[in-house]
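Structure record follows, encoded as structure tokens.
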Protein chains: 2
Amino acid sequence: MGGLELSEKGLSISTVERETGLLKDTLRVWEKRYGFPTPGRDENGERVYGRDQVDKLLLIKRLIDRGARPSKVVGLSMEELLERTGSRADEAANPPELTEALKLVKTHNVVGLRNRLDSSLLHQGLERFLQDTVAPLNLMVGEAWMRGEFEVFEEHLYTESVQALLRSTVASVSRPSGSPRVLLTTLPGEQHILGMLMAECMLWIHGAACIALGPQTPAGEIARAADAQRADVVGLSFSPAYPAHTAVDTLVALRAMLPPGIAMWAGGSNPALFRRRIDGVLPVRELAAIPDAVASWRANRSGT
Amino acid sequence: MGGLELSEKGLSISTVERETGLLKDTLRVWEKRYGFPTPGRDENGERVYGRDQVDKLLLIKRLIDRGARPSKVVGLSMEELLERTGSRADEAANPPELTEALKLVKTHNVVGLRNRLDSSLLHQGLERFLQDTVAPLNLMVGEAWMRGEFEVFEEHLYTESVQALLRSTVASVSRPSGSPRVLLTTLPGEQHILGMLMAECMLWIHGAACIALGPQTPAGEIARAADAQRADVVGLSFSPAYPAHTAVDTLVALRAMLPPGIAMWAGGSNPALFRRRIDGVLPVRELAAIPDAVASWRANRSGT
DNA sequence: GCCCATAATTGTCCTAGACAAATATTGACA
DNA sequence: TGTCAATATTTGTCTAGGACAATTATGGGC
């Protein structure tokens, strides 16, 4: 019943869908329109993708998430794709501490990485640690991955290390208290939670109470949870890979379900959030905007 | 471009796929074969699902994951479905502390729940806490959800509370050391991480070192990571919802990629792991089996 | 009782076409 | 030259119906 798997020979279209996030329909239509990917066929007439094609698809997807047009990038050679990665000379502009941290990831030195992060956190304090260390490191890891300098598992290792650190920091907050009460989650299909964790830290620093629902809560459930938890704000996080119109549509729908007294904040590096205003939804472009959001919420509240 | 969203009116087939985990193809073929679901159509001829249908689909999916046959359960009424939920009188058999903990979830008292879990952990110690509190609570939450007594967001709240507690416990381990070195992760598409966290705790108690890769690592990357981290064991976790044949196929493929010196352990409540032996993969039926696995690994290692 | 051959069930893949939303391009006008 | 509206292209996702292999159930013989 379908479900071939990644043997050494090749991957089924389902597997490629899961690993790249590109729908089966999209894979098939790209093949027809742009001549890529070019899977083989098994004895059964079903598509079989090679590992190299999947790697290329992942790279293409990142370029598209960044704003490239499919017709321009699907079907390019690997070299041409790597050229478009950009971020050429500016890597030298990064502080040496960050470059060194990256080197620790590259050498799979988890312990060393964790030590360095711990020490940065202690030295800088949480807020500056988030803004000056974690945020730029995230970017650098993403860029390095695009340039083919990082394996997927190395990215996992990095993400997991940072998350563990932030989580244990957040856990040290005994109980949620303060205001506003912010319900934090992501929509179904959005699995990136690092941004949400960073937001949770920032909110906590600035005296807000966070109720973390974990990732992937359907909109209807978010509305019920906001009611049950008497939340003042619903905070949602969107990675660049999250489909733009789904994000906007769901935000609009959720806005209609929530009482007007509950604010909505949408953050993350997804461009859809900042292209056009969504009525009743506050876009939070970066971590540094969180304190402002909190402050203006309090001003509004005390004004009423 | 497609991607309608959950307004009050209805959900698109993509959204239903994301929220239920049932593929679009499956939804369409069920509609044709069993007469359910019965979505409406928008002005565009595209399927529009009601919230009630999605709830029913979620319930059906859980019954099927448990072993029911689709032809027998798809198309039953909501009442008939609830009858098959089973777990009738045995809920009285649960210890009263657990029932009380559930009540805290039901009243959305996150703080109370967290307090109670903390105190159970201190009182019982980590190992008994996992086996006598967390594991049965997981089951009870799942059952209660099937009986319609829990909302999705209440399950999220519960899961998040337990995860936060276990994570902060794990984080208190300064650095990974000990043997065997176990690389822990899940395969792409498997998002349930609670089981993995519980395993991490058990392994730590019994002197193993865990390297957590986070969820959803492709098989090839697991192999590279195992090499880079000099792992002795690769540990994978499978929830009941994970497709059976995908699990088996990928385990076989991964086994072929890994050197024979690296053991593979597969755990979780997915029935596929225990139906038939997979060569070179040790099935770990429950938490209590982890100490045995560790002990026998050590015996083997010292023997050689 | 168990075991094997046959029958039914079931999920996923295939092709090919259609269309609306998003994005780019053109042209008119200040 | 710059801005805005109208048109053209691009793009992802949906539709339909058919096919098939893997899984699970059923019957018959021992």
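What you see below is based on every heavy atom in this structure, not just the backbone, and it leaves out hydrogens, waters and symmetry mates. Remember, it's a predicted structure, so these values are computed and weren't measured experimentally. Sequence lines set the chain letters: A, B, ... in the order given, protein chains first and strands last, and positions in each chain run from 1.
Of the two residues near DNA chain C, B:Val29 and B:Asn44, the one whose nearest nucleotide lies more 5' is B:Val29. Toward the 5′ end of DNA chain D lies the nearest nucleotide of A:Arg69, the other residue of the pair A:Arg69 and A:Asp25 mapping further downstream. Closest-nucleotide positions on DNA chain D for A:Pro70 and B:Arg41 were compared, and the one nearer the 5' end corresponds to A:Pro70.
In this entry the distance linking CG of B:Leu27 with C1' of C:dT10 reads 14 Å, nearest Å. When the C1' atom of D:dC20 is taken as reference, atom CD of A:Glu43 falls 12 Å away, rounded to whole Å. As a whole-Å value, the separation of B:Tyr49 OH from D:dC14 C1' is 11 Å. The interatomic distance linking B:Glu17 (CD) with C:dG11 (P) rounds to 14 Å, in whole Å. One interatomic measurement links the two molecules: CD1 of A:Ile13 to P of C:dT12, which rounds to 13 Å at whole-angstrom precision. In this entry the distance linking CG of A:Asn270 with P of C:dA22 reads 14 Å, nearest Å. Atom pair B:Arg47:CZ and C:dA18:C1' shows a separation of 15 Å (rounding to whole Å applied). Regarding B:Ile60, its CD1 atom lies at a distance of 16 Å from the C1' atom of C:dG11, rounded to whole Å.
Judged by distance alone, with hydrogens and angles left aside, the side-chain atoms of B:His156 form a donor-acceptor pair with the main-chain N or O of A:Leu213 at under 3.5 Å. Remark: side-chain polar atoms of B:Asn270 are paired, donor with acceptor, to backbone N or O of B:Ala272 under 3.5 angstrom.
Taking side-chain N and O atoms only, A:Lys24 has a distance below 4.0 Å to OP1 or OP2 of C:dC13. Using a 4.0 Å cut-off, some side-chain N or O of B:Arg28 falls inside it from OP1 or OP2 of D:dT15. An OP1 or OP2 oxygen of D:dT10 is reached within less than 4.0 angstrom by no side-chain nitrogen or oxygen of A:Tyr34. For the OP1/OP2 pair of D:dT11 and a distance below 4.0 Å, the side-chain nitrogens and oxygens of A:Ser71 include at least one atom meeting the criterion. In this structure, A:Thr26 reaches the D:dT13 phosphate: one of its side-chain N or O atoms is under 4.0 Å from OP1 or OP2. The phosphate of C:dG11 (OP1 or OP2) has a side-chain N or O of B:Trp30 nearer than 4.0 angstrom.
We find that B:Asp52 and B:Lys56 are not joined by a salt bridge, their nearest charged nitrogen and carboxylate oxygen being 4.0 Å or further apart.
Side-chain atoms of B:Arg33 come within donor-acceptor range of the base of C:dG11, with a qualifying N/O pair under 3.5 Å.
For the residue pair A:Thr186 / A:Gln191, no side-chain donor-acceptor distance below 3.5 Å is found, with atom types taken as modelled.
Within 6.0 Å of NE2 on A:His192 lie no more than 12 heavy atoms contributed by other residues, nucleotides or ligands.
For B:Lys32, the listed nucleotide lying nearest its side chain is D:dG17; candidates were D:dT15, D:dG17, D:dT11.
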